[in-house]
Amino acid sequence: MLKYILKRLALALFVFVVIMTICFVLIKMLPSLPPEQFGKDAQVIQLRREQLGYNKPIMEQYFIFWGQALKGNWGISESLYPMSDVWDTFVEKLPYTVAINIYSMLISVPIGLALGIFAALKKNKWQDQLISTGVMVFVSVPSFVYALLIQYVLCFKLQWFNHTIMDYTQGAFAPSTFVDMLPAVLSLSFGTIAGLTRYTRAELTEVLTNDFMLLARTKGLTKAQATVRHAMRNAMVPIFPMILGEFISIMSGSLIIEGIFGIAGVGKLYIGAVNAIPPDYNFFMLLSAFYTLIGLVAGVVIDLSYGFIDPRIRMGSRK
Amino acid sequence: MKQRKLVALLAVVLVLVLCVGVFVACNPDETTGPSTYTYNSAASVFPTNWNPHVYQTANDSVPLDYTSMGFYGFDYNDTKDGYKLVCEMASAFPTDVTSQYVGQFGIEEGDTALAWNIPLNMNAKYDNGDPITAADYVNSLKLLLNPAAANYRADSVYSGNLKIYNAELYLKQGTTSMEPAYKFFSNWVETNESIADQIVFSVENSYLGETIRKKGYGTDSYLNAYGGYNGLASALWGLWSVADLDALTDKTWAEIKADATLTETWTKVLKKWQTDPDEEFHFFTTEYVYPEMNFEDVGIRASEDGTSITLILINPLEGFYLHYALGSSWLVHVPTYEACMSVDEEGVYSNTYGTSVETYVGYGPYKMTFFQKDAEMHFTKNEHFYGNSDTTYQTTDINIKFVEQASTRLEMFLKGQLDTYGLTAEDMETYQSSKYTYYTEGDSTWFMAFNPDAAGLVAAEKTANEEYKGAKVIDKEIITIKEFRQAVCYAIDRAAYALAIDPLGGTAKALYGNLIVSDPETGEAYRTTDEAKQAIVNFWGVADEIGEGKKYATIDDAIASITGYDPEGAKELFDIAYDKAVEAGYLKEGEVVEIVIGIPKASSTYYSKGSEFLAKAITDAVKGTKLEGKVTFKNSGDLGNGFADELRANKVDMLFGVGWTGSALDPYGLIEAYTSPDYQYDPGWDTSTAMVNVTLDGQVLTASALDWTYALSGYTIEAAVVVNGEATEDVVEVAAGTDAPTAKRLAILAAIEQAVLEQYDMIPLLTDSSAALKGMQIQYYTEEYVFGVGRGGLKYYTYTMDDAAWDAYVASQGGTLNYTVSE
């Protein structure tokens, strides 16, 4: 097992280096002309770029980047937050992204699982058909559409919520921040709930028709006991990795939702780093590393989780 | 069983936590205190760095607007219909002390307006209570010009009107650059021996390369196409072979002289070029190292008692322009600033000053109390501000939120959470006649731009025809024909264009809009002057139709009638252009004109709708002419900020929505943007040979458009006297800098404006303007917008009710306010 884990980690590291190298080359290939300004001394901008090392050969810049990144120095922002340490800015904004995603998962997972189980148990009845129809709608429509609808109905018409976080002084995890984040959280959650419901229903429906379920009932277990103890455990093998996968997709999905609800997370940074003129190389590389690591680590965790959920699955075993 | 209980318990705890959170959030502690008046607004772009030495955009400067002051600032004049400059961080207007510095800083006997003493406002303090002294200004300037920092705004003290002595040299000390040799050396015959090792043959970094770049051919695409600068120079001038230039490149003059073959090549190259003495230097570059310099050599001095500073300038500057240039300052809180400085292992300098509440100390009417990146910022009244009074600054708090979507901002505004909302095109139908809607004209004009450079267009045409395997199908040279561009100018219905892409925009009839001020001392708008009016009627061809018994009774009537849209006139001109193009061999049977429209950002509806509109307008206009069906359009890919260079290099044929902005009080300086090769979108128009007639003191003089521009910058030029429409050999020296009479400057400016317009390279389309809803809680000081002070700003805004009463009022209206009332 340990050998398998080390192998997976080594592979993940290799993929990480390859992705980062590709990102580095691509971002350096983007045009980096500063905007023209009447009366501006362009030499000052060039002096600064010289200091930042952007006029050095690209291979030299590449090795400097890795040398500094390995020491935890991700560099100084040139365009988005001029003169600021990109790591500091990232860390300052990260709690809001984490908060919105955690809240969304806390809401989505129980509801998604519950609806999926309920639909599976009521297979082909009106309750199942209602849930399945809802699932189709929510899976098909992108999250920003709900976001705008929620904003209009809940925030403007009914005035149950504020349009954005009204008091940032309380911090990312304060109760008032949670309430102000709810419209954004709901917008993010609908798609996840629908996805989880559909997947749970499909898996559970299949498991419920297995012979061992009949055996469990004939042993004298109630339907609930058989479902929870046997059907759910089996169905969770593919569902649990999906939950982790949903978490990653929410992280990327929050990129748009953060913008709509004015939430000061890291989502906007990634697009901003590429769109900035000149592009903000250091922010782009830090965020590329962040999202790449999340994906890679999640992949490893998902693989390993199979073994924990179902002890029959042995990782890395030759037999 | 245990597991089930545990799960149930966790679920209960989760629900309880959520309920408590919601309860706490919905029932904040309510305290009572003195009345507060909070100005709430929202921004779609948030500041990222408001360090006065580093900030880059208008959004970045928002915190500075509330937390800092210049030496002098704008205020209402006595009648509240205009502005005046008043003292802020200075206690009085500066006094000329040039005579005290004769023999220093290059000042000579008799010089004036080069050294100015500014008495400081000693009541001014930083918002943490620290006093502000003259030493703070000196030390702040030293930090601004820190060579290690290369601060973005360091050029603010040497690239504009205000040029502090040695500021640029101090900033750039120790840096090296390859500069054209002609800038540093002269008299080839006497000096070439002594500098033989210092000058190196180089097309790229010599006068030749400089000229190539000014002509717009210095872009990568051109360099790649012609194999670098030597190939470009060879193609552009047609004088030299690339092999000859390659042989000499990177050789010092000493090396060339020592080698017989190189000497022979050099002689051949020079012979084809030289027409005047010393043009040998045109081929050479030299390494220039900015010398080390002490800050004591920079033109700023603090008085011994710390109550005043003296600025020593490179160029004379006085009156309004001096005071205006001192409308902002470089002052920072030095101890905080220095604590924010750092240099990493790679030697990269960084400074976090002005990026958070903790890293910033201001000195304006408000103090920053909270800042969350891309989220929210708060300000409260600065108790240490010298200008606090009972009659101004009623606003106690400022709260600015980041809200990206305009629809969200509107909803928040209608809920009473914002005090102002900038209307978008989509909102106009609902709110255009609301009594809460305020319209404000901007100072920018947006143009359609062409670059009629013949060589560039031929090259572009060649590239465009490559896909037809040698056959010429596409023509672009017709763009060099002025009638073609003039026809395009008449073909655009500007009112319809505005409606399609920018409903708030107005019809642009000239280079400058109504907000441009030609006499800053009096605030007189340029467009209201006789000279500017005449330029417009001359350009649009209605000058002969003004007067008693004619079509227009007055010049104002004539100007009011101009729409810029004349489809019939356009058709006539298209026919003339066609005939000329055929006669010149540009356009043959079966060929079509292809115009590539440069698009900076394809995803923007402004550009997609705009290009569609313009293409259709021109296509419609050529119907029924000889060009019918022969003019086609194509959009470029995303050009980003390189759009201007693409036009300069004729990689695209037309731009729209372009222009220069930011000099509302200095149209004389801004004209350089249209006539100097450093800025021109159309370097194909050689302004150094384009002659412009100007009538000064009853005498008609002629000089190039570029020379007249230099004259407005304060340089003395020579203008030839014109008699009976012909230039004579009699010349008159003319200088029309800031110290010249306004009438003289106006005459020159209007003549240049007309010359630029008549080139039809920069075709005016729209002037910018904006509209915003004002919240019911606040009251503007004046209904009319006044340059410099707007409608009063936070200094003069008053409130109809305090925050508590406002919340109650909004609640009493059902939580949503009606802003569509029109009476």
Does A:Trp66 CH2 have over 12 foreign heavy atoms under 6.0 Å away?
-> yes
Take A:Phe156 and B:Leu414, measure what side chain to side chain contact (heavy atoms under 4.5 Å, CB included) needs, and give me the verdict at the end.
-> CA-CA 9 Å; A:Phe156 182 60; B:Leu414 296 176; 3.9 Å; yes
So how far is it from A:Gln51 CD to B:Tyr349 OH, rounded to the nearest 0.5 Å?
-> 9.5 Å
So do B:His378 and A:Thr169 actually touch side chain to side chain, heavy atoms under 4.5 Å?
-> yes
Contacting moiety of B:Asn351, where chain A heavy atoms sit under 4.5 Å = both
For B:Thr48, the side-chain contact (heavy atoms from CB on, under 4.5 Å) test, sequence neighbours excluded, returns A:Tyr81, A:Pro82, B:Asp60
Where does B:Thr816 contact chain A at under 4.5 Å (heavy atoms): side chain, backbone, both or neither?
-> both
Does B:Lys373 reach the main-chain N or O of A:Phe90 with its side chain, forming a donor-acceptor pair under 3.5 Å?
-> no
Ignoring hydrogens and geometry, is there a side-chain-to-backbone donor-acceptor pair from B:Glu376 to A:Tyr168 under 3.5 Å?
-> yes
Return the minimal non-hydrogen interatomic distance between B:Asn151 and A:Val44, and the atom names on each side.
-> O-CG1, 3.1 Å
Got B:Val403 and A:His163 here, is their nearest side-chain heavy-atom distance under 4.5 Å?
-> no
Top of A:Asp167, A:Leu52, A:Ile263, A:Leu148 for chain B proximity - count of heavy-atom pairs under 4.5 angstrom = A:Asp167
Less than 4.5 Å apart, any side-chain heavy atom of A:Leu47 and any of B:Lys172?
-> yes
Checked B:Ser342, B:Gly354, B:Ala148, B:Ser407 vs chain A; the most non-hydrogen pairs under 4.5 Å come from B:Ala148
B:Lys415 side chain to A:Cys155 main-chain N or O, any donor-acceptor pair under 3.5 Å?
-> yes
Is any side-chain heavy atom of B:Asp374 closer than 4.5 Å to a side-chain heavy atom of A:Tyr96?
-> no
Note: A:Tyr152 and B:Glu411 closest approach over all heavy atoms is CD1-OE2, 3.3 Å
Measure the OG1-CD distance between B:Thr175 and A:Gln46 for me, rounded to the nearest 0.5 Å.
-> 12.0 Å
Could you tell me which portion of A:Leu80 (side chain, backbone, both or neither) has an atom closer than 4.5 angstrom to a non-hydrogen atom of chain B?
-> backbone
With only heavy atoms counted, which part of A:Phe161 is less than 4.5 Å from chain B, the side chain, the backbone, both or neither?
-> backbone
Which bit of B:Pro147 is near chain A, if near means a heavy-atom gap under 4.5 Å: side chain, backbone, both or neither?
-> backbone
Residue list, side-chain contact (heavy atoms from CB on, under 4.5 Å) with A:Asp85, at least two apart or on another chain = A:Trp87, A:Asp88
How far apart are the closest heavy atoms of A:Met83 and B:Ser350, and which atoms are they?
-> O-CB, 3.4 Å
B:Ala673, B:Gly347, B:Ala149: which one forms the most heavy-atom pairs within less than 4.5 Å of chain A?
-> B:Ala149
Tell me, for A:Gln43 versus chain B, whether the close heavy atoms (under 4.5 Å) come from the side chain, the backbone, both or neither.
-> side chain
Name the option with the most non-hydrogen atom pairs under 4.5 Å to chain A; the candidates are B:Glu404, B:Arg153, B:Gln372, B:Glu345.
-> B:Gln372
Under 4.5 Å from any heavy atom of chain A - which part of B:Phe370 | side chain
Taking every non-hydrogen atom, the tightest pair across A:Met166 and B:Lys401 | O-NZ, 3.0 Å
Which one, B:Thr408, B:Asn49, B:Thr352, leads in non-hydrogen pairs under 4.5 Å with chain A?
-> B:Thr408
Step by step, would you call A:Asn162 with B:Gln417 a side chain to side chain contact (heavy atoms under 4.5 Å, CB included)?
-> CA-CA 10 Å; A:Asn162 287 314; B:Gln417 293 174 344; 3.4 Å; yes
Residue selection (most heavy-atom pairs with chain B, distance under 4.5 Å) from A:Lys71, A:Gln68, A:Glu92 | A:Glu92
Quick one: CD on A:Glu78 to CD on B:Gln56, what's the gap to the nearest 0.5 Å?
-> 8.0 Å
Does any N or O in the side chain of B:Asp155 come within less than 3.5 Å of the main-chain N or O of A:Asp41, such that one atom is a donor and the other an acceptor?
-> yes
